[in-house]
Protein chains: 2
Amino acid sequence: MKRQVTMKDIAKEAGVSIATVSMICNNKDKNISEATRTRILELIAKRGYVPNVMARSLVTKKTKTIGLIIPDITNPFFPEIARGAEDMASKSGYSVIYCNTDDKIKRQDNYIKILTEKMVDGIIFAHSAEKAEADFNKFRIPIVLIDRDSKADNVVGRVLVDNEAASMAGVSYLIQQGYKKIAYIAGSMKTKTAQDRLAGYRRALMEHGMPYDLKWVKKGSYRSQWGYDAIQEFEKESLSFDAIFCGNDLIAIGAIKALKEKGIYVPKDVGILGFDDVYLAQMTTPPLTTIRQPKYEMGYRAAELLIDVIEKEKKQEEKKERIILDTELVIRQSTK
Amino acid sequence: MKRQVTMKDIAKEAGVSIATVSMICNNKDKNISEATRTRILELIAKRGYVPNVMARSLVTKKTKTIGLIIPDITNPFFPEIARGAEDMASKSGYSVIYCNTDDKIKRQDNYIKILTEKMVDGIIFAHSAEKAEADFNKFRIPIVLIDRDSKADNVVGRVLVDNEAASMAGVSYLIQQGYKKIAYIAGSMKTKTAQDRLAGYRRALMEHGMPYDLKWVKKGSYRSQWGYDAIQEFEKESLSFDAIFCGNDLIAIGAIKALKEKGIYVPKDVGILGFDDVYLAQMTTPPLTTIRQPKYEMGYRAAELLIDVIEKEKKQEEKKERIILDTELVIRQSTK
DNA sequence: TACTATTAGTTAAACGTTTAACTTAAGGTA
DNA sequence: TACCTTAAGTTAAACGTTTAACTAATAGTA
């Protein structure tokens with residue numbers, strides 16, 4: 001591979017100093033004559049010069065790169081978030097390094113270390129709450145939380161959804177539709193979202209004067225296999241229900257599959273309510289009634305917020321934005 | 001934010017030279033006494049020193065970062081690939097920057113430029129063939145192609161699937177099941193995959209002495225809306241068929257939806273064969289018969305190959321690996 | 001004329017590492 | 001004793017930029 005063309009080469013060939021070339025590249029050209037400016041620019045194009053970002057970053061301490069730490073890109077909830085973040089980032093000239101943690105603290109810590117070393121300018125983070133509260137002090141860079149809240153106060157912002165209110169609205173809808181015995185299959189309780197959704201489920205029941213009983217809630221993970229398995233558990237305990245609120249759409253899909261195998265039909269025999277409205281949700285039979293989260297927007301706004309902080313170099317203290325995005329109950333055919 | 005702790009700080013505090021610290025950090029410590037070694041290591045831990053990768057990269061010309069250029073992470077075919085690549089990369093201490101091109105040449109070129117500037121050590125690339133052949137000469141870094149082949153000869157490797165053979169096997173299966181009039185809804189003809197799958201469809205028909213007629217093939221995009229629309233087009237032309245081979249699972253799902261709305265049932269009235277075996281495929285009603293691609297493995301192997309080239313600094317000429325992964329016909333319930 | 005401003009640059013230090021070449025002291029060998 | 005080897009470092013250049021501080025020449029002004 002041929003050697004990279006450097007500023008030095010350009011400067012030498014043009015008979016100017018390196019600083020002149022640098023200034024032209026960075027549009028700090030108030031003190032450069034139009035003639036030299038175009039001459040240098042042409043030379044740059046001709047020689048195919050591209051600036052070395054390493055060298056630049058070394059002095060500016062900005063890498064124009066952000067990190068995106070999520071549990072698993074393979075979970076259909078996350079690609080849209082990632083896409084939103086990437087679209088916004090690239091619009092502002094940033095690249096994004098993505099990291100899958102599987103909600104494992106160890107992987108999470110490792111990525112934090114790596115991203116710190118790589119000197120990313122900031123991080124978008126859907127963190128696991130496995131340890132009571134993540135230690136964000138490890139970060140010396142701005143971080144914005146998505147999807148999952150945390151009490152940690154050294155983050156510059158959050159882009160969330162009101163999981164409790166959304167769940168409450170969803171379960172209330174179920175109640176209004178006449179469902180009497182509503183079970184809840186929760187996702188991983190390691191996440192704040194699962195805790196909030198449980199709280200919403202509970203509040204909906206209470207406010208409608210219906211009993212809240214932990215017998216009717218199963219706690220597991222956010223995978224469709226868990227939805228499938230949870231149904232078996234309910235059956236073992238011979239618990240009967242006429243509707244199930246599921247922690248996310250994947251769980252809902254697994255549950256529907258299990259019910260179908262037992263000859264129980266949705267929504268005829270039991271109603272199913274999902275959460276997220278992933279792409280899949282409209283493709284299943286029956287299409288899922290679910291609570292939509294604006295996933296793309298979540299990623300987009302998070303990147304926007306983060307980049308804003310980075311560029312303004314706001315102190316973390318200054319302004320901690322908390323953006324709450326709207327959810328929407330999407331009524332399809334898994335409920336009557 | 002506090003200043004980064006540097007090697008200089010460590011060296012000064014320990015009363016050694018910077019070079020000593022550097023050598024210890026990089027395990028080039030043959031000439032370092034065990035005593036100093038542990039002393040420095042302890043100091044590093046105590047002060048929380050992390051090396052500045054920018055500075056290092058500036059001299060070594062390695063960033064331990066690779067790029068992943070794909071059309072769209074939101075397309076369920078790609079997350080698994082991305083995950084495979086990321087898993088392998090992080091195992092070897094590499095990070096991955098991901099880029100969505102939407103198969104737009106302009107975005108593609110832009111990312112190539114950015115990744116070059118950021119000095120990634122290599123690129124994994126699912127490229128669009130919109131322009132006859134992509135100009136990989138823009139790259140001064142190793143690149144491995146995934147999913148879509150190209151005649152370009154300045155790539156260090158490819159990880160592919162034999163789309164033609166796989167399609168031929170799939171369509172042959174359809175024929176063996178007794179289907180007589182098999183249509184094909186193709187994805188974007190900008191991609192080599194779509195072209196190869198068409199070739200396979202054609203060969204299957206020909207080798208079984210069945211007529212190949214372009215009336216029965218519709219060319220569009222890899223989105224489920226296209227599958228839906230293609231059915232309307234067939235109807236307008238009042239073409240009848242008893243099976244459809246779809247360019248991917250998304251198309252298949254869209255087609256099934258359109259058929260269902262017209263009261264045509266799968267597989268009773270028409271059989272449907274998909275491609276990819278995305279997660280969705282087993283969740284739909286009916287679950288899709290489809291040709292599975294080893295997506296995770298594709299990403300994993302591509303990263304493995306790329307990193308191998310990077311670390312060995314093989315010349316591009318030396319060894320151009322072409323890895324062909326096995327596909328598998330997964331028979332579910334969308335065919336009889 | 002003497003002074004100030006403006007234009008169009010240049011100089012050189014700094015960013016935090018890596019690494020080839022050198023040094024110095026102690027120990028071994030003939 | 002004189003010479004060689006080895007261990008345990010040190011020195012200094014290099015990587016490719018950015019940027020604050022400086023300069024030199026010309027134009028404008030009182």
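Just so you know, these numbers use all the heavy atoms, side chains as well, and skip hydrogens, waters and symmetry mates. Convention: sequence-line order gives letters A, B, ...; per-chain numbering from 1.
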May I ask you to list the residues of residues 42-58 of chain A, by number, that have any heavy atom positioned under 4.0 Å from an atom of DNA chain C?
A/L58

Would you call B/D87 and B/K91 a salt bridge, using N to O less than 4.0 angstrom?
no

Integer-rounded Å distance: C/dT23 C1' and B/N31 CG
13 Å

Rounded to the nearest angstrom, tell me the gap between atom NZ in A/K62 and atom P in D/dT19.
12 Å

Quick one: A/K64 NZ to D/dT17 P, roughly how many Å, whole number?
17 Å

Side-chain N,O (B/T60) to OP1/OP2 (C/dT17) below 4.0 Å
no

Under a 3.5 Å cutoff, is there a donor and acceptor pairing between the side chains of A/T65 and A/K118?
no

Gap between atoms NZ and C1', on B/K28 and D/dA8 respectively (whole Å)
17 Å

C/dT17, OP1 or OP2 - any side-chain N/O from B/S22 closer than 4.0 Å?
no

According to side chain to side chain donor-acceptor pair (under 3.5 Å), does anything in residues 39-50 of chain A pair up with another residue at least two apart or in another chain? List the pairs.
A/E13-A/R47

Please state how far atom CD1 in A/I32 lies from atom C1' in D/dT19, giving the value in whole angstrom units.
13 Å

Any salt bridge linking A/R158 with A/D149? Criterion: basic side-chain nitrogen under 4.0 Å from a carboxylate oxygen.
yes

With a 4.0 Å cut-off, would you call A/D109 and A/K113 a salt bridge?
no

Under a 4.0 Å threshold between the charged nitrogen and the carboxylate oxygen, would B/D103 count as salt-bridged to B/R148?
yes

State plainly whether the residues B/R83 and B/E80 are in salt-bridge range, i.e. N to O under 4.0 Å.
no

Rounded distance in Å - CG (A/N26) to P (D/dT19):
7 Å

Any salt bridge linking B/D72 with B/K104? Criterion: basic side-chain nitrogen under 4.0 Å from a carboxylate oxygen.
no

Using a cut-off of strictly less than 4.0 Å, decide whether A/T36 has a side-chain nitrogen or oxygen near OP1 or OP2 of C/dA8.
no

Does OP1 or OP2 of C/dG9 have a side-chain N or O of A/S33 closer than 4.0 Å?
yes

Counting any heavy atom closer than 4.0 Å, what does A/K61 reach on the DNA or RNA strands: base, sugar-phosphate only, or nothing?
sugar-phosphate

Value in whole Å for how far the P atom of C/dT17 lies from CD of B/Q4:
6 Å

Could you check which residues of residues 6-19 of chain B get a heavy atom under 4.0 Å from DNA chain C? Sort them by number, please.
B/T6, B/M7, B/I18, B/A19

Looking at B/L68, B/I69, B/I70, which hits side-chain contact (heavy atoms from CB on, under 4.5 Å) with B/N100?
B/I70

Let me know the distance between CD1 of B/I24 and C1' of C/dT17, rounded to the nearest Å.
15 Å

